[in-house]
2 protein chains.
Amino acid sequence: MRIGELAKATGIDVETLRYYERVGLVQLPARQANGYRAYGQDAIERANFIRHCRTLDMGLGDIKRLLDFTSKPDAGCFDVNHLLDEHLARVRAKLKSLRTLEQQLARLRTQCDAGHRAADCGILQDLVAAAHGEACACHPSDGNASLSKRKARE
Amino acid sequence: MRIGELAKATGIDVETLRYYERVGLVQLPARQANGYRAYGQDAIERANFIRHCRTLDMGLGDIKRLLDFTSKPDAGCFDVNHLLDEHLARVRAKLKSLRTLEQQLARLRTQCDAGHRAADCGILQDLVAAAHGEACACHPSDGNASLSKRKARE
DNA sequence: TTTAAACCCTATAGCGACTTCAGGGTCAAG
DNA sequence: CTTGACCCTGAAGTCGCTATAGGGTTTAAA
Ligand SMILES: [Zn+2]
Ligand SMILES: [Zn+2]
Ligand SMILES: [Zn+2]
Ligand SMILES: [Zn+2]
């Protein structure tokens, strides 16, 4: 099998497959006389494993570790569980922050409903107000702390 | 104001401020005789605007566009709305995919409850099965399509 | 007065997971 | 015999920083 066929069989881009090879995620394939990569059937399975894990948003390092486990059946699976727990925690943390973010953006979006002058745009006004520190969670709003030593030359 | 003071006043790292300058997000500040950057009070406002937009997860390109709007009050705000709509759509799309992902990972996590041999680990078995194409949304699972033209040399 | 900490400067490289580009070689069909 | 679909390598670009190397300057204590 050549790289293009493997790409078609797995839905992974050719360039991405070569990249995975470069970073050691897939083992070096045999080569034909003309230098083309020659893959066996097992390459499809390995590549599909990678793709599946990627759609689960795992990092390449984690995937490598999981791949290693599939080839040492006698190892304990504690690390597998741990890896998954950490990944799940990451996903849940991001989910939480994204939910908050969506709320904030949705509220911001309501500040303007139609086309008018930028100076009158509720969205821009809202952003500028937040930049001043008004009702904004992201800023420390300790502007005073910096003002207290404001004597720096200009 | 020197760069460290601006950093403290806004909560943006010094290196990050210099980076923003390099990519043209903040205008070139005046310099003192010794080469140090010298910022005015307006720099705090601009930097806070950037920081606030970053916590809304906007890209630097989008932020630049928004900053431009704040300096031309007579422009129409159509693009502001459009930009926000697109960003909100991106956030919602990611939120949706993250929710699905969380479900999948949580289910996967239930496949193993304790330490045993890797060969018997439900998580690894699940991943391998998915790599084979069983009950997996991420794969096209058109293995047949690729098998139909399987006559490639090895 | 010396010296050490705490600043400041530039230029460059690294991160992750690719994607794209430049500049070629190989191969089957028409 | 040329067109087009493939394949190859190596390097650079993406995004938003972060870190490092290798210096210069200021400030305060010892
Ligand atoms: Zn899958
Ligand atoms: Zn508006
Ligand atoms: Zn804010
Ligand atoms: Zn297990």
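Proteins come first, then strands; the chains are lettered A, B, ... in the order of their sequence lines, and each starts at number 1.
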> Tell me, for nucleotides 2-17 of chain C in 5' to 3' order, what letter each nucleotide earns: B for a base near a protein heavy atom under 4.0 Å, S for only sugar-phosphate near one, - for neither?
Replying inline: -----BSSB------B
> Would you say B/R117's side chain and B/C121's backbone share a donor-acceptor pair under 3.5 angstrom?
Replying inline: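 Looks like no, no N/O pair under 3.5 Å.
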> Would you find a donor on one side and an acceptor on the other, under 3.5 Å apart, between the side chain of A/H87 and the backbone of A/L56?
Replying inline: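 Looks like yes, one N/O pair under 3.5 Å.
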If I take atom [atom1] in residue [X] and atom [atom2] in nucleotide [N], what distance separates them, rounded to the nearest angstrom?
{"X": "B/I63", "N": "D/dC15", "atom1": "CD1", "atom2": "P", "answer": "13 Å"}
{"X": "B/L25", "N": "D/dG16", "atom1": "CG", "atom2": "P", "answer": "10 Å"}
{"X": "A/M1", "N": "D/dC6", "atom1": "CE", "atom2": "C1'", "answer": "16 Å"}

>> Dot-bracket for DNA chain D, please. Rules: Watson-Crick or G-U, both distances under 3.5 Å, ( ) within the strand, [ ] when a pair crosses earlier ones, | for another strand, . otherwise.
In response: ||||||||||||||||||||||||||||||
>> Nearest 0.5 Å, please: how far is CZ in B/R109 from CD in B/E102?
In response: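 Output value for this atom pair is 13.5 Å.
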> Can you pull the salt bridge (charged side-chain N to carboxylate O under 4.0 Å, His left out) pairs that have at least one residue in residues 29-44 of chain B, sequence neighbours excluded?
Replying inline: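 Those involving residues 29-44 of chain B are B/E21-B/R31, B/E21-B/R37.
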Is [Y] paired with [X] through a side-chain N to carboxylate O contact shorter than 4.0 Å?
{"X": "A/R18", "Y": "A/E15", "answer": "yes"}
{"X": "A/R65", "Y": "A/D68", "answer": "no"}
{"X": "B/D57", "Y": "B/K94", "answer": "no"}

> Side-chain N or O of A/T16 less than 4.0 angstrom from OP1 or OP2 on C/dT19?
Replying inline: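 For C/dT19, OP1 or OP2 has a side-chain N or O of A/T16 closer than 4.0 Å.
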> Can A/T70 and A/L66 be said to form a side chain to side chain contact (heavy atoms under 4.5 Å, CB included), step by step?
Replying inline: CA-CA 7 Å; A/T70 65; A/L66 289 177; 5.8 Å; no
